[in-house]
Amino acid sequence: MGVSEIDTVICETVIAAQPETVFAFFTEPELYTRWMGARARLDPRPGGTYAVDINQVALARGTFLEVIPHSRVVFTFGWEGDDQPLGPGASTVEVTLTPIAAGTHVRLVHRGLRVSEVRDQHREGWQLYLGRLGASISGGDPGPDPNANPPREE
Amino acid sequence: MAILRLVRDREYPSGEIAARFPDVTGPAISQHLRVLREAGLVEERRSGTRRLYRARPEGLAELRALLRDFWDEGLAQLKDAAEDQQRRKGSGRGRQ
């Protein structure tokens with residue numbers, strides 16, 4: 001229902017790998033940081049910690065709500081910091097992995113983005129964080145393993 | 001970053017914005033305004049030699065777009081990493 005809700009962002013992709021392989025990239029810290037963030041602390045069970053440091057200032061924090069091996073991961077998501085509209089655990093990210101002939105279909109639904117909060121005086125904090133995030137990802141080395149390949153300095 | 005609060009409800013000329021922040025240098029204010037404008041959070045209008053700024057309500061949609069980009073980029077990297085991993089442990093075609 002309501003896939004185009006204003007508080008929701010949906011991203012999908014197809015990965016040529018088995019669901020169990022993809023699943024591990026959401027639950028094992030050393031694999032998680034191969035696609036997102038510099039450091040990760042993950043305790044993938046309901047109530048367990050989700051903590052990913054995208055960089056030194058962008059600290060994603062939440063709690064795992066649901067973990068079904070190889071098919072589904074749900075965690076709350078927000079940013080650590082005093083001026084964050086989306087505080088730790090404020091929104092929810094649902095990841096669904098579906099086996100298909102080509103490998104795995106990944107559907108990521110990020111919901112609970114508070115429109116009213118984003119609209120208020122806090123929004124610049126959110127915006128700047130996202131800007132930094134975008135810069136850290138798209139501006140960084142897109143190599144799959146930032147730990148094995150230290151960031152290049154210009 | 002109080003600039004955004006200032007221009008949220010009405011348009012201000014750049015000079016007046018700078019005057020509200022006596023502790024911040026003019027170039028620094030200009031830099032902030034440029035960042036905010038590039039982020040789509042404020043819009044600039046020129047009137048004669050003056051530059052006027054106000055918050056853009058459309059910024060919200062762009063926030064979602066940024067978040068979508070964030071996850072899209074993430075998933076693209078996830079794809080690369082997971083496919084690489086799959087090849088490694090794949091049927092005899094791994095690197096080992």
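Only a predicted model underlies this, so the values are computations on that prediction, with no experimental measurement involved. In the text below, chain A, chain B and the rest are named by the order of the sequence lines, each starting its count at 1.
Take Arg50(B) and apply the side chain to side chain contact (heavy atoms under 4.5 Å, CB included) test, not counting sequence neighbours, and it matches Pro13(B), Leu52(B).
Cluster membership check: Leu65(A) does not share its hydrophobic cluster with Tyr50(A), using side-chain heavy-atom separations under 4.5 Å among Ile, Leu, Val, Met, Phe, Trp and Tyr. Connection of Val74(A) to Val52(A) is not established within any shared hydrophobic cluster, with ILVMFWY side chains joined at heavy-atom distances below 4.5 Å, either directly or through further cluster members. Note on Val42(B) and Phe21(B): same hydrophobic cluster, where clusters join Ile, Leu, Val, Met, Phe, Trp and Tyr whose side-chain heavy atoms are under 4.5 Å apart, directly or indirectly.
If you check the side chains of Gln85(B) and Arg34(A), you find a donor sitting under 3.5 Å from an acceptor.
In the hydrophobic clustering (ILVMFWY side chains linked at under 4.5 Å, chained through shared members), Ile68(A) stands by itself.
For Arg39(A), the CZ atom sits in a loose shell: 12 or fewer heavy atoms of surrounding residues, nucleotides or ligands are nearer than 6.0 Å.
In terms of heavy-atom proximity, Val14(A) sits nearest to Glu83(B) at O-OE2, 4.3 Å. Heavy-atom minimum distance, Trp71(B) versus Met36(A): CZ3-CE, 3.6 Å. Contact record, Phe70(B) with Ile54(A): CZ-CD1, 4.2 Å, taken as the closest heavy-atom pair. Here the closest non-hydrogen pair linking Ala82(B) and Ala17(A) is O-CB, 3.8 Å.
Listed options Val22(A), Leu31(A), Val93(A), Ile15(A) were ranked by heavy-atom pairs under 4.5 angstrom with chain B; first place goes to Ile15(A).
Atom CD of Gln86(B) and atom OG1 of Thr21(A) lie 3.5 Å apart (nearest 0.5 Å). One distance of note links CG of Leu78(B) with SG of Cys11(A); it measures 12.0 Å at 0.5 Å rounding.
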